[in-house]
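A note on names: the letters A, B, ... follow the listed sequences, proteins ahead of strands, and every chain is numbered from 1.
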2 protein chains.
Amino acid sequence: MIRRKTDHTDIAEGPGPKRKRASRAGNLAEHVYTSLRRAIIEQALAPGTKLPEDSVGTSFGVSRTVVRSAIVRLVAEGLVVQQPNMRATVASPSLEEARAIFRVRRGLERMVLEELMSRLEPSHFAKLRAHVTSEEKAKRHAEPESIRLSGEFHLLLAQFTGNELLIRFVSEVVSRGSLILALYGRPHSSECAVNEHLALIEALEHGDLTEAARLMDEHLVAVATRGLLDTDIKRERSLQDILSAYRPAGEA
Amino acid sequence: MIRRKTDHTDIAEGPGPKRKRASRAGNLAEHVYTSLRRAIIEQALAPGTKLPEDSVGTSFGVSRTVVRSAIVRLVAEGLVVQQPNMRATVASPSLEEARAIFRVRRGLERMVLEELMSRLEPSHFAKLRAHVTSEEKAKRHAEPESIRLSGEFHLLLAQFTGNELLIRFVSEVVSRGSLILALYGRPHSSECAVNEHLALIEALEHGDLTEAARLMDEHLVAVATRGLLDTDIKRERSLQDILSAYRPAGEA
DNA sequence: CAGATCAAAACTGTATACATTAATTTTAAG
DNA sequence: CTTAAAATTAATGTATACAGTTTTGATCTG
């Protein structure tokens, strides 16, 4: 664990003068935020994992300032918790909290369906079906990927409403839902979800709001209950190790 | 508008050594966040007002670091908007956005009522009635105060659910609702709200969920439509001037 | 060897410095 | 005069320094 201040050289450094703008600058906080978020949702960072500002900073090659602002955001959306002078940690919701979150989620997704009616076009259905296809494809591979995609299906629906606030709220409950499944979910819990997504799409195509709402509700109850027994919490790993996979955000 | 870097002496300064811990330290960001939030909700900071980090900082006697983190939070909850390298400004939602927000709010408050049924106790009703009383009292005085109290009634209901997430979401839509009324609301628009609050309480006391839901819906529609014509936007004032009233958060 | 004690190390909270980018004003040209 | 370009000022993005707090770990005691 020797992480002296000298080794932030791995990204933004070098003798050359033109280093610096790894991602065109001005975006570092956003990038760290996004990466941490993904890492949490994909279960790479298990609930309870400590997030010391400078360790995270060195992982991404940025200063604490940047990490700090990312963490403030994550705390604001409940993915990370933090007490006054103490290290931030990945949230680890209790069963009670988990249930409360899923209740809110059910309400929000009902709203999504209501907003969606009479707004859905053929192109939307195409996208939904395409997404389900990729869900099916991922099902056989990685579990975290599968959970993430399953959540993104719901996010996609929300996005079709065009209601910014609703999108953000759904996005939050979906994220936290993933976190919860990571905590309490038993493996393969996302398997059957694909069929349920398909059934939902069909109800929407028929313009049957009540049926869609019923299916959605059933689906969410299923997702919520499917998981809540097995408390097989994930084992430890090095923070540096985990985050190294989330560093190179895309461009050279 | 001479606010040179030298005049942050107005608050945290002085020859005495023991200044510094105005509120026991560790809380500055929280305090600035809360204060700005209140200032926005009470219409002291009109939509569109610029919030340069160091001006705000000098107003509160803190550094940009602190202000920055407060602003990140406000941006996260939509009360403030900010583009990459540009000054943050108090959000100024369009009519379209305003309507979208109120739609979400209606859904959320319906959820509140559902969670509330069979959970309400006599003490709750007492508190609700007490709150309405103070609403009535404030009605004759300041308009901003009145708007704030009206919002807090809804927040109170949400708090009785004990559902943390729901509370936060309601809190956000209520805040933004206040902001919207500040922007588009005509004066005295909150007057009739008091009666509507009372009617709602009674329906709840009778355990009549559907009636309560109907009243709530009606109420919110009324609040939303009551305001949306007059575009009498507030005139300019000095930022320093406005914020000076939000400084001394309470303790000595 | 368990448990308390205290010092070192690790972190957070906050301020400040500096590089960059946006806003504004000045200057110059048409 | 009006408008465009350049220079100035203001504000943000990021890193770093330092004070104060928590955590860790080592040492001492029963």
Whole-Å gap separating C1' (D:dT21) and CD (A:Glu53): 13 Å
Distance in angstrom units between A:Ile71 CD1 and C:dC11 P, rounded: 12 Å
Side-chain N,O (B:Arg64) to OP1/OP2 (D:dA10) below 4.0 Å: no
Geometric class of the A:Phe169/B:Phe169 ring pair [parallel <30°, tilted 30-60°, perpendicular >60°]: parallel
Pairwise side-chain contact, A:Val75 with A:Val81, heavy-atom cut-off 4.5 Å (strictly under): no
Between P of C:dA22 and CG of B:Asp54, the distance in whole Å: 17 Å
Derivation and outcome, side-chain hydrogen bond (donor to acceptor under 3.5 Å, both in side chains), residues B:Thr161 and B:Arg119: CA-CA 7 Å; B:Thr161 68; B:Arg119 203 195 207 89; over 6 Å; no
Separation of D:dT12 P from A:Leu28 CG (nearest whole Å): 17 Å
Atom pair distance, as rounded to whole Å: CE in A:Met86 and C1' in C:dC11: 11 Å
B:Val66 side chain, from C-beta outward: closest of D:dA11, D:dT14, C:dT14: C:dT14
Whole-Å distance separating the NZ atom of B:Lys50 from the P atom of D:dT12: 11 Å
Rounded distance (Å) that lies between atom C1' of C:dT14 and atom NE2 of B:His31: 16 Å
Shortest side-chain distance from B:Asn85, nucleotide among C:dT21, C:dC11, C:dA15: C:dT21
Pairwise 5' ranking along DNA chain D for A:Ser63 and A:Arg87, keeping only the more 5' one: A:Ser63
Rounded interatomic separation in angstrom, taking CD from A:Gln82 and C1' from C:dC11: 11 Å
pair A:Ile167-A:Phe160: side-chain heavy atoms closer than 4.5 Å: no
